Amino acid sequence: MAVEYSWPTKEESKVIGTSPDRLDGTAKATGAAKYTYDTNPPKLLIARGLGCPHGHCRILDIDTTAAEKVPGVVHVHVLQKPRVGDDGKPIQPEIEWEGELLAVVSAETEAAAAEGVAKIKLDFEPLDVFVDDEDLAGAEKAGRTSKGGGKVQLENEPGEDDDEDEFAEKEINRLLGDAKHVVEGYYGIRPITHCCLEPHGSVCSWEGDKLSAHLSTQNVSGTDEQFANALKIAAGDVHVECQYIGGGFGSKFAPDYWAIAAAEISKATGRPVKLMLTRDQELKLGGNRPSGYLKVRLGADADGMVTVWDSQHWGTGGGRGGVVGHGVIPYIFRPKNYRRVATAIKTNCAPARAWRAPDHPQACAISQTAYDDLAAKMGVDSYDIFLKNLANIDSNQKAEVYAAEMAIAARLMDWKAKWHPHGKGKAQGSVVEGLGMAIHTWQGVANNSNCMLRIHPDGSIESFCGTQDLGTGTRTICAMVLAETFGVSIDSVKINIGSSKYPESGASGGSTTVGAVSESHRRAGQDALAKLAEVVAAKLEVDAASIVAKDGRVGSKDDTAKSLSWKEACSLLGHKALEVTASYKRGAQGSPLSNAGVGGVQMAHVAVDRETGVVRMKKFVAVQDMGLIINPKLAESQILGAMIMGIAYALFEERITDSKTGQFVNAELSDYKLPRLGDIGELVVELYEPESERSRGVIGLGEPPVISPGAAISNAVCNALGVRVPVLPLTPKRVVEALAAKT
Amino acid sequence: MKRLTGDASSGRAASGFSRREFLRGSGAAAAATALAGASQVAAAEGDERGDGVVRGKVTIVLDVNGAKHEVQAQPRTTLLDVLRNQLNLTGAKPVSADPSSGAATVLIDDKPACAASTLVLQAVGKKIRTVESLGGAKLDAVPAAFTSADAEQCGFCTPGFVVAVRAFLNEHPKATDEQVRSGLNGNICRCGTYANIIRAISIVRGG
């Protein structure tokens, strides 16, 4: 009998939609949870890397003699060795960003490893450095730019004989000329880092030809093969394990060359090796987000409907170039006529990595600010401009959902009562307040996932899935889905994740995990229940199709007298456990369990001191849809966390790079500014789950709420001051400078 | 490896250099203050190389979570290094070498301190408590509230925060929200659990 996969209705659900505590909460809160960094096998060697001190240089010599003599140092591994080629000419590695690891010292203690690194003598020749990604003209002059693509969309078609580019130029100028309101704006957002609190790294050891790697990764099932390819061994001979990961945010999909080095050093020394990046290496190498800067001319009609958008934007993804994709410009809003052009800049900074909702936060921050400036120019409420322009959007969510979410957010913010025209609020001394908003979208499709499930004759339930918990509460989600399916409590389910030995499950990236594990665990659960139903039905002499599992019992839904306790039902399995494996393939059309495409609205209320330039968060509201919500408490935590990460990049954090040496000068947490507990103001979250959304199935949530904060907070500051502070983060210096430039 | 011999009265170890010189040699002014009254550490016996720097390895006794532990230390060894790598107490985390992240917060004589920037020799003779002492069979109210308020995501900052909150509430059991928001800014969370930490604290206060 084919099983029809489905979720119980809201009314039928006993577990889904409730908020049990996360299963590993106490382990995390008492230090019992063991992360990669906490793994201490016997005979462990502690390794530390030497980072390149210059943004662009040629390595002439790496002398490790003194390092090798440091007491406690066991092994020195050179990654970038200058040598003489077959033709007799010197081969000197060219390093293109600061921090790149050149050598690794392994020692008995951390201190000895650090001393060993300090004793390495490095000889290098500095080369030209370019890091100023905001300076487009400078980048062009330095030959650091490349085309990032673009698109022209016009209502009127060019004639047969027209040159397309000339026609577009003329047509856009005509539309801007006809526009009732024109905004010419400049907006930007600086590069930031992932700054995982647990740095990238691994603990590697060998047993014969088999590698065991504890790896801080958001890709347990995919990294065994990456190790295998790099080390030229079979994937089956690699075991990757990650029970807990101290932050990833899109930066931990691969072992990286430093985990490969750890494996090689372990092989060479015959001892387990722990190689974690230091804090500054984590900020320099562990991942960063591309910057974005945009110049735009925007035209609107008398009602504030945007009729034409003409933008050029640029930025850098670091040492391999890259720029925010033009496809997300202008963000969500898509007037009938637009032209957008992107330029990528290559700098001497480490290459960018996927940062939570790649491209979206930057696109939102550099384009929905222009829509707010239209409201400022017209002297009308930004809410009305956003609402009106929902008529022209390109989004994974529908305009009417945004409108409904805007109304809820406005009520929670008390927007209408608090709003004032830009720069026209009442000042309290030097402090002025303001409101701003933004909207966002994301896919959140469920990733591939396999789940192996065992139901034992004693009634115990175990599941095995090669997924991982980034902090989402993945274990708890898996347990809730199975508990709901079998009508048992969540603590009677044993969830096993975080090992590449388990059935494959996709990487946790792009809000794909909760959908993935909900799919695989629900499918496995329903498949297993169907098999159990057959033996229970035979015993009870009822139709197997009538069997349901709820409230700890398995029995006929038609005759409540005919039922067994969960334990009794499982005892019918005999001596062998019932074992099923269920599989979900990403992109499977029409799955009743998961879906893709969400929206959300955020509104910020800030206070700005015009004298000091300090921006304080007063209140921040998020309204978010995500289809069916498994655990509202965990969902709310995700959104709160995203809002705080948004406050971080809107007001505090940025990578600052020295233009002469390419050095990342604030790569320690004392200098890389992040918000603290006292910096967040009042945060309000509304989970938007009407039946029309719930019935769509599970959709991922990790990325979407981190998208809007930059634009919403920038718009609130602009509403307070009546002046746009163009570039995020809105530090006191930038606020004061923007005010000075205006007066 | 040399063994640290306790002789508080002489203040002079067999090798003939004084405690005062050792402390000056270690370059840690704070250590001097901390060690002056610690009778367990009378002197560190080490290799004097004529540059005033002691490089010897010594055995010391630490009082951690109510139990005494013999551990190895050099003058440069941090308390965090010993806790994590010798005692396998990995709750305190190595997030920053200085106290700016708060992830390595432990209690030393009931006061919050950064184990990453405390030399282990400074901790001799003091009562050290780590986050692990708040767990186990008798779960402390603070980690319990962190769980029920979901004040944790990846969890890497959580142990440091739990200890900081425990210390803060010991000092200010009736702290207002305003005091909480101004008094717990020594710890960084990258996942953004601050709002739920504030909730967790209100659960502990209410209970």
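We name chains A, B, ... by the order of the sequence lines, and we start the count at 1 in each one. None of the values given here were measured: they were computed from a predicted structure.
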For chain B, which residues of residues 39-46 of chain A have heavy atoms nearer than 4.5 angstrom: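 Residues N40(A), I46(A) are the ones that qualify, each having a heavy atom under 4.5 Å from chain B.
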Are any non-hydrogen side-chain atoms of [X] and [Y] less than 4.5 angstrom apart?
| X | Y | value |
| --- | --- | --- |
| I644(A) | T193(B) | no |
| D150(B) | L634(A) | yes |
| T30(A) | D140(B) | no |
| R22(A) | E152(B) | yes |
| D38(A) | R84(B) | yes |

Identify the two heavy atoms, one from S670(A) and one from S100(B), that lie closest to each other, and give their separation to 0.1 Å.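 That closest heavy-atom pairing would be N-OG, 3.4 Å.
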Test item: [X] side-chain N/O and [Y] main-chain N/O as donor-acceptor pair under 3.5 Å:
| X | Y | value |
| --- | --- | --- |
| K28(A) | F156(B) | no |
| Y35(A) | G155(B) | yes |
| R676(A) | C189(B) | no |

Find the one option among F161(B), F146(B), Y194(B) whose heavy-atom pairs under 4.5 Å with chain A are most numerous.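 With the most close heavy-atom pairs to chain A, the winner is Y194(B).
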Winner by heavy-atom pair count (cut-off under 4.5 Å) against chain A, out of A195(B), S96(B), A144(B):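 When all of A195(B), S96(B), A144(B) are compared, A195(B) has the most.
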Checking [X] against chain B: side chain, backbone, both or neither under 4.5 Å from a heavy atom?
| X | answer |
| --- | --- |
| A111(A) | both |
| I245(A) | backbone |
| L470(A) | backbone |
| E668(A) | neither |
| A112(A) | both |
| A648(A) | side chain |

Quick one: what part of [X] sits under 4.5 Å from any heavy atom of chain A, side chain, backbone, both or neither?
| X | value |
| --- | --- |
| V142(B) | neither |
| P94(B) | both |
| L89(B) | neither |
| R166(B) | neither |
| N185(B) | both |
| A103(B) | neither |
| S148(B) | both |
| N187(B) | backbone |
| V95(B) | both |

Ion pair present between [X] and [Y], side-chain N to carboxylate O less than 4.0 angstrom?
| X | Y | result |
| --- | --- | --- |
| R190(B) | E653(A) | yes |
| R199(B) | E636(A) | yes |
| R181(B) | D679(A) | no |
| E115(A) | R76(B) | yes |

Between chain B and each of L669(A), L197(A), T109(A), count heavy-atom pairs under 4.5 Å; write down the option with the most.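 Counting heavy-atom pairs under 4.5 Å, the top option is L197(A).
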So which of G248(A), S637(A), G246(A) has the largest heavy-atom pair count under 4.5 angstrom toward chain B?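 Among the listed options, the one with the most contacts to chain B is S637(A).
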Take a 6.0 Å sphere around CG of D98(B) and say whether it holds more than 12 heavy atoms from other residues, nucleotides or ligands.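 Counting other residues, nucleotides and ligands, CG of D98(B) exceeds 12 neighbours.
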Got a sec: does the NZ of K618(A) have more than 12 other heavy atoms crowding it under 6.0 Å?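 For K618(A), atom NZ is not crowded (no more than 12 foreign heavy atoms under 6.0 Å).
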Side-chain atoms of residues 112-121 of chain B: list all donor-acceptor pairs with protein atoms under 3.5 Å, sequence neighbours left out, distances to 0.1 Å.
unit_1	atom_1	unit_2	atom_2	d
T118(B)	OG1	C114(B)	O	2.6

Would you compute the distance between atom CD of E110(A) and atom OG1 of T77(B) and round it to the nearest 0.5 angstrom?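 The CD atom of E110(A) sits 10.0 Å away from the OG1 atom of T77(B).
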